[in-house]
K.L.:
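The structure under discussion is supplied below as structure tokens; questions concerning it will follow.
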Number of protein chains: 2
Amino acid sequence: MSPSANHQESNHAGKGPKGSKQPKPQPKSDNQADEIIGITVKKADNFPQWYQEVVVKADMVDYYHEVAGLFVLHPLSMFIWNQLRKWFQKHLDEMEIGEASFPMFLTSKSLEREADHIEGFAPELAWVTKAGKKDLEVPVAIRPTSEAIMYPYYAKWIQSHRDLPLRLNQWNSVVRWETKQTTPFLRTREFLWQEGHTAHLTEQQAGEEVLEVLELYAKLYEDLLAVPVVRGRKTENEKFAGGYYTMTLEGYIPSNGRGIQGATSHCLGQNFSKMFDIAVEDPASRGNHIHVWQNSWAFSSRVIGVMVMIHGDDKGLVLPPRVAKIQVVLIPVGITKRTTEEEKAQHYKKLEDIQLRLRKEAGIRGEVDFREGYTPAWKFNDWELKGVPLRLEFGPRDAASESICFARRDTGEKGSFSLESITTAVPELLQQIQGDMYNKADISYKDHRRIITNWNDVMPALDDKNVVLIPFCLDGKCEDRIKELTTKAVVEELGVASMGMKSLCIPLDQPEGIEIGATKCLNPECQGKAQKWTMFGRSY
Amino acid sequence: MSPSANHQESNHAGKGPKGSKQPKPQPKSDNQADEIIGITVKKADNFPQWYQEVVVKADMVDYYHEVAGLFVLHPLSMFIWNQLRKWFQKHLDEMEIGEASFPMFLTSKSLEREADHIEGFAPELAWVTKAGKKDLEVPVAIRPTSEAIMYPYYAKWIQSHRDLPLRLNQWNSVVRWETKQTTPFLRTREFLWQEGHTAHLTEQQAGEEVLEVLELYAKLYEDLLAVPVVRGRKTENEKFAGGYYTMTLEGYIPSNGRGIQGATSHCLGQNFSKMFDIAVEDPASRGNHIHVWQNSWAFSSRVIGVMVMIHGDDKGLVLPPRVAKIQVVLIPVGITKRTTEEEKAQHYKKLEDIQLRLRKEAGIRGEVDFREGYTPAWKFNDWELKGVPLRLEFGPRDAASESICFARRDTGEKGSFSLESITTAVPELLQQIQGDMYNKADISYKDHRRIITNWNDVMPALDDKNVVLIPFCLDGKCEDRIKELTTKAVVEELGVASMGMKSLCIPLDQPEGIEIGATKCLNPECQGKAQKWTMFGRSY
């Protein structure tokens, strides 16, 4: 696998992490210290390049030089991941879901037990065929997901209805050898995730859990990442390979108007339990055996990419305070050549004290940028690039007036606090930022989720960066045809092939207006009746 | 890879986890409910089989049916792992060591940059040669450790001495395709670990960190797992492939008198930094370049196996309270056929209240065993098998006298508390158990660490299940010869080949008695002078 051109380019773009310590890029000369090393393209002009520059220059990732489609996650990214992980794990603990760790390898034998499942994953399996210099007798694949690894054990462990529910989760990485263009966080050949696998006695119990977990994922997006999502169900075409039905969260990227899958919670029904023979005696009817109802659900490091795409701007990354490794950066200003060393030392001490107060009294993750040889302006840009939610500027004049200036990363708004109030004012402002970031994204998504009842309005809506809600018959062939029709339309008009729309989800929250048996499916070639408002769009 | 005989056998031995919920094995009939399903061999009689039975029957692992040498870790094991992980991570945070996540794949190109390193790991590399149905242009190996994956980035990120120290850690699993007999936790083809990789300006800074981390590992063993360890340095023969020197913790398994490596902290010196070209300008001498001094250090899920081997007994697992998922199990006793349903419900309510008080007021992880159809005796055995540190028995008579009976898992000691005192008495007793478990193991290790100054005493000491401290010249060839000599001796005497002794470590804590330049190396064939007391033993 040779690295792509993008990869080569990006290899030289970033500077890399400094552990959890403050980054210290070194100016080559005094002249360069003032150079602005930000994002070279506007988000609106070249979104893909903008994204690649942001994740690299903000020290989130490095492109891996050895193998295309893989990425090095820096401490900034891992901090976000761990914030999400801790939050989700707390809920798993409350739900009494145990943690397990299953091996990363499996053979084709167990994969093949569920036909749709193997068909869905086979093209992307990474196969280990050799150990040292010896060929393995039986090649082993690296898990693309762990159903086929875990369920033989579920069959062994579940002997009676009293063994139910069996609910386990694991945190690991999985490998899917993508052949499409890869993108940091969004489509990578290895990614971090959690995968929950549960077994229940009844369809209802399984169904309740699927929704409970979906709601947790939604909260994770909304409350931690400040990203709005639409809760819905996947169509048959888009559901998990081998599953019964898939519940999903669908996000929206304003810059290109594309939908993006956020996280999925699958009810596997009895498909896998039949193939893996996971059955118990029916407690209500002796001698009668029931195959258990299973779920699997996951969220992955993709969530970080969605957050970057939605919140980032022309200056770089914009982090929601709840997941920011550094929530507040303090920058000394007003230090001139006339400032004596002693004055400077005294002033720096005050900055340290402020940071300490913020940490100890308000639990704020802060850092003072004491780097020498950089102007405040350079530092402002550097921290804006890295997405720190709040900047505090503090100079001798602020010290004299016992106040401190702030600048919000999300809006650029500036103002000041009294020093006395910072341990309440800063956390309040961070909470405000968190809320405002969500609201801004939510408004944008709502504005671009168009209810369409006339087929002719579909293409203009898509071209106007919307996703669309249309009356849809739910038929798989009709869905394929809709994709073709919306692809073709572009080709005819512009002479170029462009992405057709596919179904994103059937939203749980259905608008009014479909009369079952009367309203027609929006596809003009389809004779079927509409079953549900279904969200379609160009997508990732 | 076909599963071993042991594996087949063990596949049927255990019952498996029930998430984090209380296990509920189901009796097939009333007669079987009283059957004792414990360990079938004594620890002293057949230690390997004892170990395999304990880890399976205590619901720690399942043998993986698909691929030999891999194991499923149950919630009980993962709880221990996560306790250790949280504790260690807290220290990493204090040390401001960032978390990263590097890809799991690498090509032979980067592996080969350090010759000893590739030589050390090549025989155990798992090679991915295919993705889907297509052969990869360049095969990729799964990381056996991440030096060769990470250090090209260290070369990129470290441009100046101000970028130092660079200190990153990652939690992941690594793959080493063992050809020797595998054993749960101790030798497995995939295992969980953390790997820290740091770069420093000076040898001294690197050296200080190596010892700081070694001490953390020692505390993890001593304070959390109640396992005594000897801190020492590996000989040249036994150090990390490609490293400069290796610091190690060496444990001791009383049952077979073998040493076992606990965790290692390596100073890589400048070997890797030269090969990967990680250099900075010397801040003390402009124009002069210094290759950085590097460390790597790791502890793995092996620590769990060491703990099991040391503390377990003929009844099964014995867990130190600090890492036990269930620290206290409460078992209702004295419920007879004459007890009315109402009396029983009232009594069960009291048990629930006790558990709740212990959790809320003392932070104790407890569980009440309300399972129907089992005698208290059966339950006692079941929880002893699973290693729960403290059992509380509570019957109507105890309720009447406002007291509760206890039984310690480690010593079998029984007694009682007043109900009123439990929120102080239980945590105190758990702490006592934790300390006593450590002391017992420590005494055993001290008793079996023999200082030997006469070669003829070596073999009897080994056969008497000791490890030995001998005056040693530190020469690699002499070390090889000592192994041969101690192997041969067994062959001659008993007509069977048995394990020779190898060097375990050069203890930091050196006994008196070696006069440099005067004391001879203990190997009778060696003409060299002793440099250090060195601990040798049969080992894992």
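Lettering of chains follows the sequences in order, A, B, ..., and the numbering in each one begins at 1.
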K.L.:
Given that the side chain runs from C-beta out, which part of L192(A) has a heavy atom under 4.5 Å from chain B: side chain, backbone, both or neither?
P.N.:
side chain

K.L.:
Is it the case that S160(A) and E281(A) place a side-chain donor and acceptor less than 3.5 Å from each other?
P.N.:
no

K.L.:
Using only heavy-atom distances, determine whether the side chains of N295(A) and H197(A) contain a donor-acceptor pair under 3.5 Å.
P.N.:
no

K.L.:
For T198(B) and L166(B), indicate whether the former's side chain and the latter's backbone hold a donor-acceptor pair under 3.5 Å.
P.N.:
no

K.L.:
Please classify the contact between F121(B) and chain A as side chain, backbone, both or neither, with a heavy-atom cut-off of under 4.5 Å.
P.N.:
neither

K.L.:
Test ring-ring contact (aromatic ring centres under 6.0 Å, His included) on W157(B) and Y151(B) and set out the steps.
P.N.:
CA-CA 10 Å; W157(B) 299 336; Y151(B) 297 170; over 10 Å; no

K.L.:
Below 4.5 Å from any heavy atom of chain A, which atoms of M104(B) appear? Answer side chain, backbone, both or neither.
P.N.:
both

K.L.:
Which one wins on heavy-atom pair count under 4.5 Å against chain A: Y154(B), F79(B), W171(B), F71(B)?
P.N.:
F71(B)

K.L.:
Is chain A contacted by the side chain of K130(B), its backbone, both, or neither, given a heavy-atom distance below 4.5 Å?
P.N.:
both

K.L.:
Salt bridge or not for R176(B) and E190(B), using N-O below 4.0 Å?
P.N.:
no

K.L.:
Side chain, backbone, both or neither: which part of P123(B) has an atom under 4.5 Å from a heavy atom of chain A?
P.N.:
backbone

K.L.:
Looking at I142(B), L70(B), T107(B), which makes the most heavy-atom pairs under 4.5 Å with chain A?
P.N.:
T107(B)

K.L.:
Is N82(A) in contact with chain B via its backbone, its side chain, both, or neither, using a 4.5 Å heavy-atom distance?
P.N.:
side chain

K.L.:
Looking at chain B, which one of A100(A), G132(A), S101(A) has the largest number of heavy-atom pairs inside 4.5 Å, strictly under?
P.N.:
S101(A)

K.L.:
Side chain from CB out, backbone as N, CA, C, O: work out which of these in A126(B) comes under 4.5 Å of a heavy atom of chain A, or both, or neither.
P.N.:
both

K.L.:
Could you give me the CA-CA distance, side-chain angles and deciding distance for S296(B) and E147(B), then say whether side chain to side chain donor-acceptor pair (under 3.5 Å) is met?
P.N.:
CA-CA 8 Å; S296(B) 72; E147(B) 281 77 5; 2.9 Å; yes

K.L.:
Can you sort out the partners of E195(A) under salt bridge (Lys or Arg N to Asp or Glu O under 4.0 Å), two or more places apart, ordered by chain and number?
P.N.:
none

K.L.:
Who wins among T179(A), V175(A), N172(A) for the most heavy-atom pairs under 4.5 Å with chain B?
P.N.:
V175(A)

K.L.:
Between E99(A) and W81(B), do the side chains contain a donor N or O and an acceptor N or O under 3.5 Å apart?
P.N.:
no

